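Contents: one structure, followed by commentary.
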Amino acid sequence: MKYNHKSVEQKWQKIWEDKGVFHALEDSEKEKFYALIEFPYPSGQGLHVGHPRPYTALDTVARKRRLQGYNVLYPIGWDAFGLPTENYAIKNHIHPEIVTKKNIDRFKKQIQSLGISFDWSREINTTDPDYYKWTQWIFIQLFKHGLAYKKEMNVNWCTSCKCVLANEEVVNGVCERCGSEVVHKVKSQWMLKITEYADRLINDLDLVNYPDRVKAQQKNWIGRSTGAEVDFSTTTGDTLTIYTTRADTLYGATYMVISPEHPLIEKWADKLTNIDEIREYQAAAARKSDFERTEVAKDKTGVKLDGVRAINPVNNKEIPIFISDYVLVSYGTGAIMAVPAHDTRDWEFAKKFDLPIIEVVKGGNVQEEAFTDCATGIMTNSGMLDGLSVDEAKKKIIDWLTKEGKGHSKVNYKLRDWVFSRQRYWGEPIPIVHCDKCGYVPIDESELPLKLPMVESYEPTDNGESPLAKMTDWIETTCPHCGGKAHRETDTMPQWAGSSWYYLRYMDPHNDKALASKEALEYWAPVDWYNGGMEHTTLHLLYSRFWHKFLYDIGVVPTPEPYAKRTSHGMILGENGEKMSKSRGNVVNPDDIVDEYGADTMRLYEMFIGDFEKAAPWSQASIRGCRRFIERFWNLQTILIDGDKIRPELESAMNKAIKKVGDDIENIKFNTAIATLMALINDISNLKSINREELRIFAILLNPFAPHVTEEVYEICSLGDGILAEAEWPKYDESKCVDDSVEIVVQVNGKIKAKLNISVDAQKDEILSLAKSDENVRKAIDGMNIIKEIVVPKKLVNLVVKP
RNA sequence: GCCGGUGUGGUGGAAUAGGCAGACACAAGGGACUUAAAAUCCCUCGGACUAAUACUCCGUACCGGUUCAAGUCCGGUCACCGGCACCA
């Protein structure tokens, strides 16, 4: 009896669709379970085998939860704004809307062939005006609350995309998307004040169940540090404020460094005798691209400011001031006190410019290298701080500075505000107009959505303006505030906008009064389980937590965090162990696998391939093992016998399997869950028979992984009215998970000498005497003194002997 | 440099809370069935020493430690992967 996956899979997919069995229920009394995968970007390349890994994983969880009686929401949609589509549209002279539709159709067909239990009635699309209406609405709320502002600033500019990038989108000095060079440009940009939420984005990580590596990465990115701001007076009478985390080393400051962009330089220009040299250094620093700036192991460079000196507030000593690009204008105050004895960068600089190095913390040899250990050092050469530990000294000096009005404690973050404008066509228009009289004014909410106008050309402009800037008809409008002449914002939102709140829309996707109804939000929020890639940890995941917290603050959503639990899948690599990509020629298309082996085999293999959280190379050969397993399951029909109870010979194995498979699915150990089922089918094959109850349970356990073939067998063998229709996830009996007898290992001095089958409830003495009576053991202990006897019930015996 | 992670057979990978290393698969080799092949079924499968599936020894990146017992815990080293990177 050959298993025909094509007809069986088509049959069940049609039944599921016709009956709408995966539609989440409104107004249900049942407990809810909201599972979420990161919605895909519908690229022109179609799906590759990496996409279904997370989809299948949460599908397995979702299907199991349905069998456990939950009202499950497992939705999908399309994150469809973005550059590749736009670039394709430009090249082929097709409107991006048409390209998007074509790509979505293809993705949808491919995903549907896998039999994932998505609720397609809630499908969303970020480029749909009915959807981006609410993206724009959120932006307006951000604006009204002062969290969106426009600012002239130095931005990252991708030379190939011709578009600004957020800090998060610059990787190793190049564009995250296309790998092209990123340069600095001064432009007026829309910004979102994510920094206002920095503390809560760190602290509230305690409220959620994320993997430690995700939490660590987010904390790292936000980069909170606690230190102090200290005011140094200068010989010009100006105050130079610096930020430091080592206020304790204030007596060791032998010079100051300010960034090349520091505003005091302009102020001091006529007092500086070497201003030409300084200007030259400033210009050189400005010319550097991000790539050059981030290059490692650079030599320290800088120029001394001749004509101005700073005064150390603790001892009134005059010290020189330098400019150097190792001090960043965008962090702290853009100025530092340099303590070469206790900071490696300052040490390098001091050695190069031959500046004094004064030890103020004992414990190292500061002439050889900077001593940066805070834990063990004792203060010295530090007046009032002498003899204190570093921690004590920090506290004392900050108290002193505060009292004297010369400084105060201060928290700083590496996180910067989010650069939110893009000079491209295929994104949400920013719903703001500029009026000469009223400034920036949001359009009236009743005017939403502000639709993208049809344009002739989506080509980005070389002068750095959005393609929309050429649309004079569209740009010219009236001010919603005063009715006077105004013009529209021509930049669009970044791709991250639509994905920052999409999980809310799934809860109530067709609502035209609100982004989702209060009732839907109350019932479904938060997302119970969100799986996604590690690459989104400091981008999408952080952005969406920020937006959610804002929506929480203005009373739109009922929970402080969007996602209760986060898991992360590893990448599926090509057969050669490298990342799958078109250029490497190692891309595997899931369509071919589904066609040849079926969706169930494909799903099973994706889950069996290895630890879900780790990367795993694809192996065409290994798939066959999964197909064999499906066929062995299918062929259980041929050895089916009557019986409505698990037979004693399978009782322990089946109870253990129910327990193990259930636990493993919850703990994302899908590979061992499947291994357990494979081992169970081996046991069953050895018995050469399976009864109806055993087959029924086996089919239900396998169903979340291989939903088609299990339903088919369930139906053919008349095991019930259908797994989805009526089956419940089986329960196990803990008392039946143990065998009557267990194998006990007998060791002598830690070496295995025998294995004994002993009744589980055998007592210590009994086990010992049985162990000692084994012939091999007797030989090993003969003529020796037993000095220790270790008995671990149900596990082992270890006899420690000496001659 | 800092933060996080990983290192186990020919391969992918197993091994609650320190207790039989290699589950479950793939590949390989041998056999059965077959005119033949495919499919299926059975056997072998870390290494050394062996006639042996008998003994014994070695073996979880490397060095050392704790323990009756270490892939697992501790200290150190190396390699690789991911993130951050002159953040004061």
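Owing to the predicted nature of the structure, the values given are computational and were not obtained by experimental measurement. Numbered from 1 within each chain, the chains take letters A, B, ... in sequence-line order. Computed over heavy atoms, backbone and side chain alike; hydrogens, waters and symmetry mates excluded.
Taking the syn range as angles within 90° of 0, the glycosidic angle of B:G9 is syn.
Comparing B:C84, B:C20, B:G4 against the side chain of A:Ala216 picks out B:G4 as the nearest. Which of B:A88, B:C26, B:C84 sits closest to the side chain of A:Trp221 comes down to B:C84. Distance from the side chain of A:Phe608 is smallest to B:G12 among B:C55, B:A88, B:G12. Among the nucleotides B:C68, B:C86, B:G13, the one closest to the side chain of A:Lys300 is B:C86. Considering only side-chain atoms of A:Asn671, the nucleotide from B:C68, B:G19, B:G13 that sits closest is B:G13. Taking only side-chain atoms of A:Asn220, from C-beta outward, the nucleotide of B:G19, B:G83, B:A25 with the closest atom is B:G83. For A:Arg624, whose side chain is taken as the heavy atoms from C-beta onward, the closest listed nucleotide among B:A88, B:A27, B:G12 is B:A27. For A:Lys751, the side-chain atoms get nearest to B:C57 when compared with the rest of B:C57, B:A39, B:G13. Across B:C68, B:G4, B:A88, the shortest atom-to-atom separation from the side chain of A:Tyr243 is found for B:A88. The listed nucleotides are B:A25, B:G19, B:A14; the one nearest the side chain of A:Asn798 is B:G19.
A 3.5 Å limit on both hydrogen-bonding distances identifies B:C26 as the Watson-Crick or G-U partner of B:G10. Taking a pair to require two hydrogen-bonding distances under 3.5 Å in either a Watson-Crick or a G-U wobble arrangement, B:U53 remains unpaired. For B:C80, the paired nucleotide is B:G5, the pair qualifying as Watson-Crick or G-U wobble because both relevant distances are below 3.5 Å.
The CD1-C1' distance, from A:Ile222 to B:C2, rounds to 17 Å in whole Å. If you measure from atom CD1 of A:Ile752 to atom P of B:G59, you get 14 Å, rounded to the nearest angstrom. Whole-Å rounding puts the A:Arg213 CZ to B:C3 C1' distance at 14 Å.
As judged by a 4.0 angstrom heavy-atom cut-off over every strand, A:Met678 is placed among residues touching the sugar-phosphate backbone only.
At least one donor-acceptor pair closer than 3.5 Å links the side chain of A:His342 to the backbone N or O of A:Val361.
In this structure, A:Phe698 and A:Phe633 have parallel ring planes: the angle between them is below the 30° cut-off, well short of the 60° mark.
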